[in-house]
Number of protein chains: 2
Amino acid sequence: MLSKKTKYGLKALTFIARSESDMPVQVSLIAKSEQIPPKFLEGILLTLRKSGILGSKKGKHGGYYLRHKPSEIKMTDVMRVLEGPIAMVPCVSLNYYEKCDDCPDENLCSVHKLMVQVRDNTLKVFRNTTLADLSNTNV
Amino acid sequence: MLSKKTKYGLKALTFIARSESDMPVQVSLIAKSEQIPPKFLEGILLTLRKSGILGSKKGKHGGYYLRHKPSEIKMTDVMRVLEGPIAMVPCVSLNYYEKCDDCPDENLCSVHKLMVQVRDNTLKVFRNTTLADLSNTNV
DNA sequence: TGTATTCCCTACTAAATCGATAGGGTTAAT
DNA sequence: ATTAACCCTATCGATTTAGTAGGGAATACA
């Protein structure tokens, strides 16, 4: 299941990408527009900022803004920040690899074989999709 | 993340498919061979039996057996029984569809668009894979 | 300089899920 | 009758998830 965190995060990023002006967008506005609990969203955007996807400005007229053009923000990066590993099992993860306790030989493991395929296909989607695709922005 | 339940279930099915004889295979044997907690595995095989994928025989020399040839057991079915919906969000699920509370229009939802693609690709893998592929059985 | 606004950060909590165990009931072979 | 096996329900501890609380720090602007 996709976590609410990821879902809200994607919606927020889309919202920011669609906002016309160059002004930073406030948490409160996004929360209201997208029906997201404000305090919860605050934490999510904080995570996205720490990962370098968003920038922020404090104080009056502050808010969050994209650090790159929507077309340069890949879903692989966003998903890894929000949802964690893309693979369904650690022994198949590119970025968070971990050996299984059971399983003497990965190459003989039926689960491994199947999950590699799922990972590759999911990765293909995330690699070919940017925030511009999500937000219908052409930039 | 793939649940242990699914992982164990897939390993158990593979084990049964690979077992040469036509005799039912006992939980205890699978548990020992695949390093799975026996009681936990018991519940999993029960689920697979209730769903019609496995059959069982009680009493001495009892155990579990496949109800169909490995090449006829599709991963779509197995995964739905063990892991639940294949889609990452209910609003994208074919078999367990549910509308989102937020989200006035699905067709405009950026998350929806992305998750449809992931679902389609995952589904493609599961539809094209059978237990025969997992177990290297040619039947 | 003061004040409102906005992000920043930590801690906490309720509920759900997961992984696993316990313990007995039922059926079938010998 | 005994034993081997599945059948079924309940329970439990740990972890994760979704969300809340509350105060701190920076900035705009009067």
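Below, chain A is the first sequence line, B the second, and so on; all start at residue 1. No hydrogens, no waters, no symmetry mates; every other heavy atom, side chains included, goes into these values.
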Can you give each donor-acceptor pair under 3.5 Å made by side-chain atoms of residues 39-52 of chain A, sequence neighbours left out, with the distance rounded to 0.1 Å?
residue, atom, partner, partner atom, Å
Thr47(A), OG1, Gly43(A), O, 2.9
Ser51(A), OG, Leu48(A), O, 2.9

What donor-acceptor contacts under 3.5 angstrom involve side-chain atoms of residues 77-92 of chain B, with partners at least two apart or in another chain?
residue, atom, partner, partner atom, Å
Glu83(B), OE1, Ser3(B), N, 3.4
Glu83(B), OE1, Ser3(B), OG, 2.9
Glu83(B), OE1, Thr6(B), OG1, 2.2
Glu83(B), OE2, Ser3(B), N, 3.4

Just checking [X]: base, sugar-phosphate only, or nothing, at a heavy-atom cut-off of under 4.0 Å?
X        : result
Lys7(B)  : nothing
Gly63(B) : sugar-phosphate
Lys4(A)  : sugar-phosphate

First contact, last contact: which nucleotides of DNA chain D are these for chain B, 5' to 3', heavy-atom distance under 4.0 Å?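 Footprint of chain B along DNA chain D, 5' to 3': dA4(D) to dC8(D).
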Name the residue closer to the 5' end of DNA chain C, choosing between Lys60(A) and Leu45(A) according to the nucleotide with the nearest heavy atom.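 On the 5' side of the pair lies Lys60(A).
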So, taking the atom named OG in Ser33(A) and the one named NZ in Lys11(A), what distance separates them when rounded to the nearest 0.5 Å?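 Between Ser33(A) OG and Lys11(A) NZ, I get 11.5 Å after rounding to 0.5 Å.
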With rounding to the nearest 0.5 Å, note down the distance linking CD1 in Ile53(B) to CG in Leu131(B).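 Answer for the CD1-CG pair, Ile53(B) versus Leu131(B), is 9.0 Å.
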With a 4.0 Å cut-off (strictly under) to non-hydrogen atoms of chain B, the first and last hit nts on DNA chain C, 5' to 3', are dG19(C) to dT30(C)
Considering only heavy atoms from C-beta outward, does the side chain of Val116(B) approach that of Arg119(B) to under 4.5 Å? yes
Examine distances only and state if a side-chain atom of Arg67(B) and a backbone atom of Gly55(B) form a donor-acceptor pair shorter than 3.5 Å. no
Give every residue pair that meets the ring pair (Phe, Tyr, Trp, His ring centres under 6.0 Å) criterion with at least one member in residues 76-132 of chain A, sequence neighbours excluded.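 Those involving residues 76-132 of chain A do not exist here.
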For Thr129(A), give me all partners under side chain to side chain contact (heavy atoms under 4.5 Å, CB included), at least two apart in sequence or on another chain.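 Side chain to side chain contact (heavy atoms under 4.5 Å, CB included) list for Thr129(A), sorted by chain: Met75(A), Val125(A), Asp133(A), Leu134(A), Leu114(B), Gln117(B).
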Pro38(A) or Gly59(A), whichever maps to the more 5' nucleotide of DNA chain D: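 Looking at DNA chain D, the more 5' nearest nucleotide goes with Pro38(A).
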